[in-house]
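One-based numbering, in listed order, for ligands and for the atoms of each.
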Amino acid sequence: MQLKDVNLTAEQVKELCTKYMIETYERFPFIACRAEGMYLYDENDNAYLDFYGGIAVNNAGNCNPKVVEAVRNQVGEIMHTFNYPYTIPQALLSELICKSTGMDKVLYQQSGTEANEAMIKIARKYGVDNFGPNKFHIITATNSFHGRTYGALSATGQTNNALQLGFKPMLEGFTYVEYNNLKAFEDAVTENTIAIMLEPCQGEGGVIPATQEFMKGIRKLCDDKGLLLLLDEVQTGWCRTGAIMDYMNYDIKPDCVSMAKGMGGGVPIGGMICTAKLAATFGGGTHGSTYAGNPVCCAASYAQINELLDRDLAGNAKVMGEYFSNELRKLPNVKEVRNAGLLVGVVFEGDKAVDIKHACLDRHLLVTAIGNSIIRMVPPLIATKEDCDKCVDILKEAVLAVM
Ligand SMILES: Cc1ncc(COP(=O)(O)O)c(C=O)c1O
């Protein structure tokens with residue numbers, strides 16, 4: 001929809017949003033009117049270099065033509081039917097997901113937080129069904145982020161900020177332990193623990209990758225104690241970190257993985273993949289959702305994942321992630337650059353991250369800030385050296401302007 005189609009000015013669009021929407025986000029001061037590849041265009045057709053990728057969603061590029069075509073085709077066939085009949089997009093997508101991740105079964109949802117709800121629920125039911133009513137406790141990491149619905153929010157190890165304040169009490173049965181500290185996880189296991197739930201790289205928590213030693217140690221701890229390893233790959237999954245799924249970078253196999261964002265290329269789809277043994281926990285009536293497995297979303301996701309795989313965008317994320325991070329280290333006032341493929345966090349000296357973000361915006365570069373000192377970038381995985389160089393140049397100007 002363009003302004004000319006609705007006969008509104010840009011100011012009127014902003015006024016309507018401000019007047020009628022509950023605003024929980026600080027908005028960019030423009031209207032997103034179209035997008036293509038690495039760029040987003042405003043109401044005056046100004047181009048913005050997109051290094052936030054709809055927050056790690058547009059992995060195969062904004063409005064990837066194959067995804068757009070898949071949506072257009074499916075929308076005219078069946079838009080929605082609920083999960084009683086089988087559908088062709090579900091069949092094709094499920095086979096593709098299971099074969100490319102090495103997991104046995106998939107269950108669809110609409111978002112990352114719902115994917116985590118499903119993962120938490122299946123783990124708890126598995127524990128209670130097999131080991132008794134108290135076996136439902138899950139250990140997660142401090143500083144983690146798993147979503148905004150109550151189960152996922154309860155799993156989130158940020159208990160003293162806007163995420164949880166005012167919303168307590170959280171669901172019982174979660175313990176939070178220091179990330180990358182294997183001993184702390186070992187010590188936290190009790191007779192009631194059924195699972196450990198982790199992001200393989202903490203994204204919202206400031207781009208902190210798990211160490212190899214930690215991840216492998218956690219897998220062994222789970223094996224030794226009979227626990228499930230649940231990985232939240234909502235942000236890291238689908239080629240973002242240089243492998244199809246981030247757990248492949250650690251050469252481990254989790255019991256269950258949640259995913260969303262990059263698997264849909266812009267349509268609301270999420271899901272949970274797991275082993276056949278765990279999948280058997282959910283039978284008729286145990287879990288469900290009206291839109292989960294929607295044919296338009298599944299058709300889009302099938303096109304998106306094929307694009308990611310056919311073009312080896314995981315490989316590009318790995319190579320570009322290294323190149324980009326090294327270039328970012330040359331910027332002024334940089335304390336540290338952390339990355340897992342093209343999930344990149346730049347830690348700056350001082351507390352000017354939000355000002356840097358705004359200065360980037362003024363120069364038509366889109367990035368996000370985490371806290372006061374980190375700029376996080378999750379660009380489409382089609383990013384080239386030239387795109388990364390351009391981003392670094394603009395960031396440099398922005399940093400010099402504010403610091
Ligand atoms: C690791 C992780 N888990 C869960 C979520 C929640 O996903 P959604 O916003 O789709 O509910 C996010 C979102 O940023 C995330 O990064």
Side-chain angles (χ1 to χ4, degrees), residues 24-26 51-59 107-123 138 140-158 161-164 167 170-171 174 176 179-180 195-210 215 229-241 245-247 249 254 256-273 289 291-292 294 297 300-301 304 338-345 366-371 374 376-379:
T24 59
Y25 292 98
E26 183 204 350
F51 266 66
Y52 89 118
I55 313 278
V57 167
N58 303 321
N59 288 16
L107 177 123
Y108 296 108
Q109 301 279 264
Q110 286 87 229
S111 64
T113 199
E114 289 166 298
N116 282 327
E117 294 295 327
M119 187 159 76
I120 291 164
K121 283 179 75 178
I122 204 169
I138 298 177
T140 74
T142 48
N143 211 31
S144 56
F145 181 76
H146 298 295
R148 306 271 190 165
T149 49
Y150 262 104
L153 188 59
S154 301
T156 293
Q158 300 184 51
N161 60 23
L163 291 176
Q164 287 194 10
F167 300 114
M170 292 291 121
L171 209 59
F174 291 93
Y176 317 104
Y179 194 64
N180 271 334
I196 292 176
M197 175 170 170
L198 290 170
E199 295 156 88
C201 174
Q202 291 192 326
E204 304 299 306
V207 188
I208 303 170
M215 215 47 171
L229 175 55
L230 318 177
L231 291 186
D232 177 345
E233 292 238 26
V234 168
Q235 189 154 164
T236 54
W238 296 107
C239 304
R240 169 71 41 200
T241 65
M245 303 303 281
D246 202 12
Y247 63 79
N249 287 320
C256 188
V257 181
S258 60
M259 56 197 189
K261 290 186 182 282
M263 73 183 280
V267 300
I269 185 168
M272 173 189 89
I273 43 176
S289 169
Y291 287 119
N294 168 276
C297 295
S301 181
Q304 166 86 349
R338 298 189 287 255
N339 82 298
L342 277 171
L343 168 50
V344 182
L366 305 177
V367 299
T368 59
I370 295 179
I374 301 173
R376 187 254 316 253
M377 287 170 284
V378 273

Quiz item: Near ligand 1, which residues have a heavy atom under 4.0 Å away from one of its atoms?
Solution: S111, G112, T113, N116, F145, H146, G147, E199, E204, D232, V234, Q235, K261
Quiz item: Would you say E117's side chain and A152's backbone share a donor-acceptor pair under 3.5 angstrom?
Solution: yes
Exercise. Mark yes or no for whether S258, through its side chain, and V234, through its backbone, hold a donor-acceptor pair below 3.5 Å.
Key: no
Practice problem: Using the test side chain to side chain contact (heavy atoms under 4.5 Å, CB included), find all partners of N180 that sit at least two apart in sequence or belong to another chain. | Solution: I208, A210, T211, F214
Quiz prompt | Y291, OH atom: more than 12 neighbouring heavy atoms under 6.0 Å | solution = no
Quiz item: By side chain to side chain contact (heavy atoms under 4.5 Å, CB included), which residues pair with E114, not counting sequence neighbours?
Solution: Q109, Q110, S111
Exercise. State which residues pass side chain to side chain contact (heavy atoms under 4.5 Å, CB included) with A300; sequence neighbours excluded, sorted by chain then number.
Key: V67, V71, V267
